[in-house]
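Right, one structure below, let's go through it.
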Number of protein chains: 2
Amino acid sequence: MTKRGGKRMGAGRPKGTNHYGEPTKPIRIPVSKIDRVLRFVREREDMVPLYGNEVPAGFPSPADDYAEGVLDLNAHLVREPTATFFVRARGDSMIGAGIHDGDLLVVDRSLEATNGKVVIVSINGELTVKRLRQAKGRTWLIPENPDYPPIDFQEQDDTHLWGVVTNVVHSL
Amino acid sequence: MTKRGGKRMGAGRPKGTNHYGEPTKPIRIPVSKIDRVLRFVREREDMVPLYGNEVPAGFPSPADDYAEGVLDLNAHLVREPTATFFVRARGDSMIGAGIHDGDLLVVDRSLEATNGKVVIVSINGELTVKRLRQAKGRTWLIPENPDYPPIDFQEQDDTHLWGVVTNVVHSL
DNA sequence: TTTTTGAATAATGTAACAAGATTCAAAAAT
DNA sequence: ATTTTTGAATCTTGTTACATTATTCAAAAA
């Protein structure tokens, strides 16, 4: 078997043919999170396509490239990770605001609780969700259901305003 | 200034004093995702505390350890990443199911569309969300709003059932 | 007894490396 | 002339190695 080849121009693997189509860099990751991170970078988890109301061409091509219209739920719903928490809603006193029994509420403590915002308050150790209404120097907590009465915030003991509800997650 | 120290037992930084409290390993990450990954591993983003309805002790300790009751929205809402997509809801025909105009619907194409499920269907190129009702060998799409009439699925042209709605994200 | 200091040791970001993957044109085969 | 085979060239990729930084603690100094 004699030698083949010799000097050749243009030989070799071309740049940009890697798995991601872009350069990579080694980053030090705590071992318990390596699985999560690898799934994220390799299988484009967390990046789910978002469609409007017309059926788009090629809909719903499963693993194609969704350069546009891709949505990460965490980034979308949690703006300030360190100031955000979830609360499970109970009862139907806020049904008019689209909050149902058992819904998951996304609460941002870094937002200012201004007039008209839906807020989480604690009254005597119990968390509740109501709409904040400030008028004539007084503050009211208004249920969004005619079966429930407004609450005079000043009359309550042991109250605290915990944050503003930004999103409601309802399971079907 | 003379020399201090000398041989000492027990000197040196102790093991396990790293930022994460566990060993780390370098993992190669595509550059565009490095920011996202670093935020995830460093600031425990995506792991937001979940509370019930009583104010827990130490609530809401901002960056403490929430060993329990921590929730990742992506993992919670997207069970099958490759089979999931989002659709923006339009109109109020499903108001009774808690679906409002502008809500974000999480749709899983891997779930079977059985009787009673809320589904996404396309009719003549338009996406719509309705409740599936199968009876007497016929299939109906039922709006959850008395102002809208049921749709006879068989009578429509160019229809396709795209998936089952698992969650509704409503912004306030 | 308290404070200061620096040797010892681990953590951490990144460069470097070895092994594997990929391409393409020269050589061989048809 | 055309197609197939082959291996040198080059890039990718998981991991190791390393230089720098951070941290601790007991000896030395105050």
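First the proteins, then the strands, lettered A, B, ... as listed; each starts at 1.
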Applying salt bridge (Lys or Arg N to Asp or Glu O under 4.0 Å) to B/D92 and not counting sequence neighbours gives none
Less than 4.5 Å apart, side chain to side chain, heavy atoms only: is that true for A/V129 and A/V87?
no
Q) Do you reckon A/L111 sits in the same ILVMFWY cluster as A/V121, going by side-chain contacts under 4.5 Å, direct or chained? A) yes
Any link between A/L105 and B/L172 through a network of hydrophobic side chains (Ile, Leu, Val, Met, Phe, Trp, Tyr) touching at under 4.5 Å?
yes
Can you list everything that forms a side-chain contact (heavy atoms from CB on, under 4.5 Å) with [X]? Sequence neighbours excluded, please.
| X | answer |
| --- | --- |
| A/R133 | A/N115, A/R131, A/W140, A/I142 |
| A/E22 | A/Y20, B/P30, B/V31, B/S32 |
| A/T159 | A/I123, A/F153, A/Q156 |

Note on DNA chain D: ranges paired as stems (three or more Watson-Crick/G-U pairs in a row, both atom distances under 3.5 Å) are C:1-30 with D:1-30
With sugar-phosphate taken as primed atoms, P, OP1 and OP2 and all else as base, the protein-contact string of nucleotides 12-19 of chain D at under 4.0 Å (heavy atoms; B, S, -) is SBBBBB--
